[in-house]
Amino acid sequence: MCGFIGIYNKNGVSGTGKADAAAMSHAIRHRGPDLDRAYGEGRAYFAFRRLSIIDLEGGAQPFVSDDGRYFAVYNGEVYNYLELREELVSRGVAFRTRSEIETLVALYENHGPSFINRLRGMFAFLIYDNKTGVLMAGRDPFGIKPLYYRETADGHVFASEMKAFLFDSGYDGFKVDPTLLQHYLTFQYVTEPDTITGDIRILPKGSYMLCDGEHTETECYYRPVFAPAKGSYAEKKLRLREAVERSVESHMLSDVPLGSFLSSGVDSAVITAVASKLSPGIKAFTVGFDVPGYSELEDAAAISAHLDIDHIKLQCTLKDFTDSYEKVIYHLDSPVGDPSVVAIYLISQEAARHVKVILSGEGSDELFGGYRQYATAPACDRLGRLPRFIKAPLAALARVLPPSVKGRGFLLRGLTPVEQRFVGNSFVFDELSKRRILKTFDPAVHFTDRTKDIYAQASGYGTLLKMQYCDLHTWLPSDILVKGDRLSMAHALEARVPYLDKEVFKAARSLCDRDKLSHDTTKYILRDTFSDLLNRETVVRPKKGYPVPVRVWLRGELYEWARHILAENPAEQYIDTAEALRLLELHRAGKGDYYHHIWVLLSFMTWYRLYIADAETTKRRVAEGEL
């Protein structure tokens, strides 16, 4: 919906601070091309960029209360704000706009920080009380909307995107934390609440922060907890159907045109199908590449024909990919080594030509058990329950078997506790590979350092729920939602995710393993619940997830392009150039499949050049509108 900057200084905001806020706001102008405003009093100063979605005339920000005591900025959508507003009206509260931000401020004035528990939606906000000098910062339960901050000697600086700190004169420049880089090579991202710099952080999802000038407290108000129940399957289907349909309906609240992303899978098909019942003829958008096996256009076209909706297809080429690459890395804020990012950027660009709001299917896999890695969880549980005198020789056998032997990988997974092998949906560089490629490799740092606390919270779960819980706290907020927000907002397009709704999670949390993994498929209950709306092929089709032919291109057309980036290596103090080039040569020669490793390195090196090695040039390009 928008983007904002916040300066909080216990001694008051100086002229330099206000100038910084203006420059930082300009850097994120893509998030809000419809309005540019700033306001401040006392210890706080906010700059705001608006993308007008609801109350086009009256929703300007920063919002200031009638008595001048409170002012606030907010990014996102609160889907139950009209209900909350009606409740306040019944208590005598008067409103002058239809905007969500006015409702949030009134809730804060009447209920204090606890009001955040009542919000249903995606959001990040700052509210300042000019009487007490207290600032509240809040973020939604699943981490859909971002809120970065850094601490200063006298307060905090906040921003909707990390790139804004390029223009923060009080910041000593982006840097690389070697420990977090080591984890990046495993995960393909740095897990929240950290960023790769170490000194810029993200307000944790489901949390709020209170600053009073002397103390800062961060409180977790929401944590998703799975609680499988024995209720009948039919009852669970009914609750799931009602929750998803109501969520989609609430997510369609908009005063501007709205569409839907449509891949070939069941997640986006369900969202699009439900939305099309509410808005017949809704526009759906699909991206594909002109390489066999890397396009979902044909399958998505069959879905759209079945639903009788307006289907807009975008077929991309290698040139589209390379032309967009640098802008994609810049807009992501931190390096994210996920090849699908370019596809998401390109389809968002196309969608923004037609609509201002887009519905997307993110979150379904984490809630309903959709990833391929989840499918073997029940069998792994059975292996794990074998007596030690049987497991030990089996594990020894698996370790000496050649990698090509069928079943070796399953044995290794099943005989290794999930806490020691699963760090989320992606695992790129192992410890030996990191030692070879990373000049700052520290043997005392282990990939499990990032997940041990997560698994401690999930200690009572079985393997499947542990994997889902891990992905909910790593892969989802630090990869999936980063891509979705940054790459859509790069084109002033607001992406909404109906599955990531508190009421939908209530329906999902009660599901048992057999509800999710059944009939030789994942997400069984979701497929079954909405099978009446979809064609048979869509219901049973496995997930593809924005396939991009990087694996193929790196062996041919993209080889010289990649080799140039790796050879130039602006981050040579961290990454061994010779080893990076060796991986590329092995991949090109077909002696291994290293495309993902190479992409992780390309993403980091390009990010490092844009944000550190050539930061002054980047700042100039941003100021001149080139990025």
Side-chain angles (χ1 to χ4, degrees), residues 1-2 4-10 39-46 48 61-89 91-93 95 99-151 155-160 192-193 201-225 477 501-502:
M1 172 183 173
C2 306
F4 60 76
I5 306 298
I7 311 289
Y8 179 78
N9 189 307
K10 66 181 181 181
Y39 180 85
E41 291 283 348
R43 296 171 172 175
Y45 187 84
F46 301 157
F48 183 76
Q61 299 183 44
F63 175 83
V64 184
S65 63
D66 287 340
D67 60 3
R69 175 173 174 175
Y70 301 97
F71 57 94
V73 286
Y74 150 79
N75 167 34
E77 304 291 347
V78 174
Y79 302 113
N80 64 336
Y81 91 97
L82 290 174
E83 302 164 30
L84 297 171
R85 174 191 169 99
E86 288 174 7
E87 179 185 311
L88 290 167
V89 169
R91 297 175 57 181
V93 177
F95 289 89
S99 67
E100 295 153 293
I101 185 62
E102 185 176 13
T103 303
L104 266 61
V105 170
L107 286 166
Y108 180 65
E109 183 176 9
N110 281 268
H111 300 286
S114 65
F115 87 91
I116 196 171
N117 291 284
R118 307 185 64 195
L119 305 183
R120 181 182 178 186
M122 57 179 191
F123 52 82
F125 64 79
L126 300 174
I127 298 176
Y128 178 67
D129 183 338
N130 200 27
K131 181 178 179 180
T132 64
V134 173
L135 178 138
M136 178 182 180
R139 193 164 176 233
D140 66 71
F142 296 98
I144 304 167
K145 286 299 173 183
L147 184 51
Y148 293 89
Y149 71 93
R150 73 173 185 88
E151 295 185 19
H156 293 79
V157 181
F158 299 89
S160 292
E192 293 189 5
R201 292 174 62 80
I202 304 172
L203 183 65
K205 60 186 176 57
S207 298
Y208 65 84
M209 176 191 292
L210 295 174
C211 309
D212 66 5
E214 299 298 329
H215 304 95
T216 299
E217 297 179 2
T218 301
E219 182 78 22
C220 175
Y221 70 88
Y222 182 88
R223 181 176 288 116
V225 176
D501 173 82
K502 289 195 291 187

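Keep in mind that this is a model prediction, so the values were computed, not measured.
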statement: Minimal heavy-atom distance between Leu147 and Ala124, with the atoms involved, is CB-CB, 4.1 Å

statement: By side-chain contact (heavy atoms from CB on, under 4.5 Å), Arg150 pairs with (sequence neighbours left out) Thr152, Val157, Phe165, Asp168, Tyr171, Ile200

query: Going through the distances and angles, do Leu84 and Leu107 end up as a side chain to side chain contact (heavy atoms under 4.5 Å, CB included)?
result: CA-CA 8 Å; Leu84 297 171; Leu107 286 166; 3.8 Å; yes

field: Distance, nearest 0.5 Å, that separates CG of Leu88 from CD of Glu83
entry: 12.0 Å

message: If the condition is salt bridge (charged side-chain N to carboxylate O under 4.0 Å, His left out), which residues does Asp501 pass it with, not counting sequence neighbours?
response: Arg120

field: Separation of Arg85 CZ from Glu102 CD (nearest 0.5 Å)
entry: 6.5 Å

- prompt: Is any side-chain heavy atom of Ile116 less than 4.5 Å from a side-chain heavy atom of Met136?
  reply: yes

field: Counterpart residues, salt bridge (charged side-chain N to carboxylate O under 4.0 Å, His left out), relative to Asp66 (two or more places apart)
entry: Arg96

Closest non-hydrogen atom pair between Arg139 and Lys145, with its separation: NE-O, 2.5 Å

- prompt: Less than 4.5 Å apart, any side-chain heavy atom of Asp212 and any of Thr132?
  reply: no

- request: Please report the closest heavy-atom contact between Glu100 and Val78, naming both atoms and the distance.
  value: OE2-N, 2.7 Å

field: Closest non-hydrogen atom pair, Lys502 against Arg118
entry: NZ-C, 4.4 Å

field: Leu203 to Tyr149 - nearest heavy-atom pair and separation
entry: N-CE2, 3.7 Å

task: Supply the atom-to-atom distance Glu217 CD to Ser207 OG, rounded to the nearest 0.5 angstrom.
output: 13.0 Å

field: Non-hydrogen side-chain atoms of Pro141 and Leu119 separated by less than 4.5 Å
entry: no

- line: Rounding to 0.5 Å, atoms CD1 (Ile7) and CG (Leu126) come to a distance of 10.0 Å

message: Tell me the closest heavy-atom pair linking Ile127 and Leu104, and the distance in Å.
response: CD1-O, 4.2 Å

- request: Kindly indicate whether the side chain of Tyr8, heavy atoms from C-beta on, has any atom under 4.5 Å from the side chain of Arg43.
  value: yes

field: Residues in ring pair (Phe, Tyr, Trp, His ring centres under 6.0 Å) contact with Phe142, at least two apart in sequence or another chain
entry: Tyr222

message: Could you tell me if the side chain of His156 sits less than 4.5 Å from the side chain of Met209, heavy atoms only?
response: yes

- request: Can you sort out the partners of Phe71 under ring pair (Phe, Tyr, Trp, His ring centres under 6.0 Å), two or more places apart, ordered by chain and number?
  value: Tyr39, Phe46, Tyr128

- prompt: In Å, rounded to the nearest 0.5 Å, how long is the span from NZ of Lys205 to CZ of Arg223?
  reply: 8.0 Å

- request: Taking ring pair (Phe, Tyr, Trp, His ring centres under 6.0 Å) as the test, write out the residues that go with Tyr79, two or more places apart.
  value: His251

query: So, do Tyr74 and Val105 sit near enough that their side-chain heavy atoms are less than 4.5 Å apart?
result: no

query: Hey, which of Phe63, Phe115, Tyr208, Tyr108 is the one that makes ring-ring contact (aromatic ring centres under 6.0 Å, His included) with Phe125?
result: Phe115

Close side-chain approach of Phe4 to Gln61, heavy-atom, < 4.5 Å: no

